[in-house]
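The shown structure was predicted, so the numbers you read here are calculated from the model rather than taken from an experiment. Note that ligands are numbered from 1 as they come in the structure, with each ligand's atoms numbered from 1 the same way.
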Amino acid sequence: MRVHIATDHAAFELKQYLLAELRKAGHEVVDHGAETYDALDDYPDTCIPCAEATVADPGSLGIVLGGSGNGEQLAANRVKGCRAILAYSTEIAELGRQHNDANVVSLGGRFVTPEQGLDIVNTFLATPFSGDERHQRRIDKMSAYEELHRH
Ligand SMILES: O=C(CO)[C@H](O)[C@H](O)COP(=O)(O)O
């Protein structure tokens, strides 16, 4: 699967770890930065382009990383068509795909170990959307709102 990934400084090492592990597992990973560690960088600068690339690339999924994952999720969700969840367990990642058809997962690198982060990401990538009518109906309502109010 093609996977888009981005981070700010707070999860720079987690990004490098996930990048290597996902490529080892055969995924095509597109790195949207940060390219180097800079304690003063800003997560919107990498997470918004990552979410844009994910939305523009149907069938791909995105990963945004930061200290808590909160701001990174917020930044990704500014992009029309992006459904980013903040996942802190494999169960949340699974539900995000099954119920919400999330296309981006956000992780807080200061709150998960690299191994936990990889488990969460692998679960996210491996879980399909259920396609259940009630879940699709709710997603469609959000998309309809987005179409009307966001340009
Ligand atoms: O998680 C984040 C946003 O939600 C950022 O990674 C975090 O705020 C960065 O903090 P600092 O600039 O103090 O290293």
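Atom 10 (O) of ligand 1 has its closest protein heavy atom at R110 NH1, 3.4 Å. Closest protein heavy atom to atom 12 (O) of ligand 1: H9 NE2, 3.4 Å. The closest protein non-hydrogen atom to atom 6 (O) of ligand 1 is D8 OD2, 2.6 Å.
Counting atoms of ligand 1 from 1 in the listed order, those under 4.0 Å from a heavy atom of A10 are 6 (O). Below 4.0 Å from some heavy atom of Y43 lie the following atoms of ligand 1, by number and element: 3 (C). Close approach of ligand 1 to E72 (heavy-atom distance below 4.0 Å) involves ligand atoms 1 (O), 2 (C), 3 (C), 4 (O), 5 (C), 6 (O).
In this structure, L61 and M1 approach most closely via the heavy-atom pair CD1-SD, 3.6 Å. Nearest heavy-atom pair across V105 and A87 is CG2-CB, 3.6 Å.
Counting heavy atoms of neighbouring residues, nucleotides and ligands inside a 6.0 Å radius, atom CD of E35 does not exceed 12 of them.
The presence of a protein heavy atom under 4.0 Å from atom 14 (O) of ligand 1 is confirmed.
Checked against salt bridge (charged side-chain N to carboxylate O under 4.0 Å, His left out), R2 has the following partners two or more places apart in sequence or in another chain: E28, D57.
Pairs engaging residues 55-103 under the ring-ring contact (aromatic ring centres under 6.0 Å, His included) rule: H99-H135 [sequence neighbours left out].
The side-chain contact (heavy atoms from CB on, under 4.5 Å) with C82 is formed by just one residue from the set V55, V64, T54; it is V55.
In terms of modelled atom types and a separation under 3.5 Å, the side chain of R97 and the main chain of A93 share no donor-acceptor contact.
Taking distance alone, with nitrogen or oxygen atoms compared against 3.5 Å, G67 approaches ligand 1 more closely than that limit.
By heavy-atom distance, the residue among C47, S68, G71 lying nearest atom 1 (O) of ligand 1 is S68.
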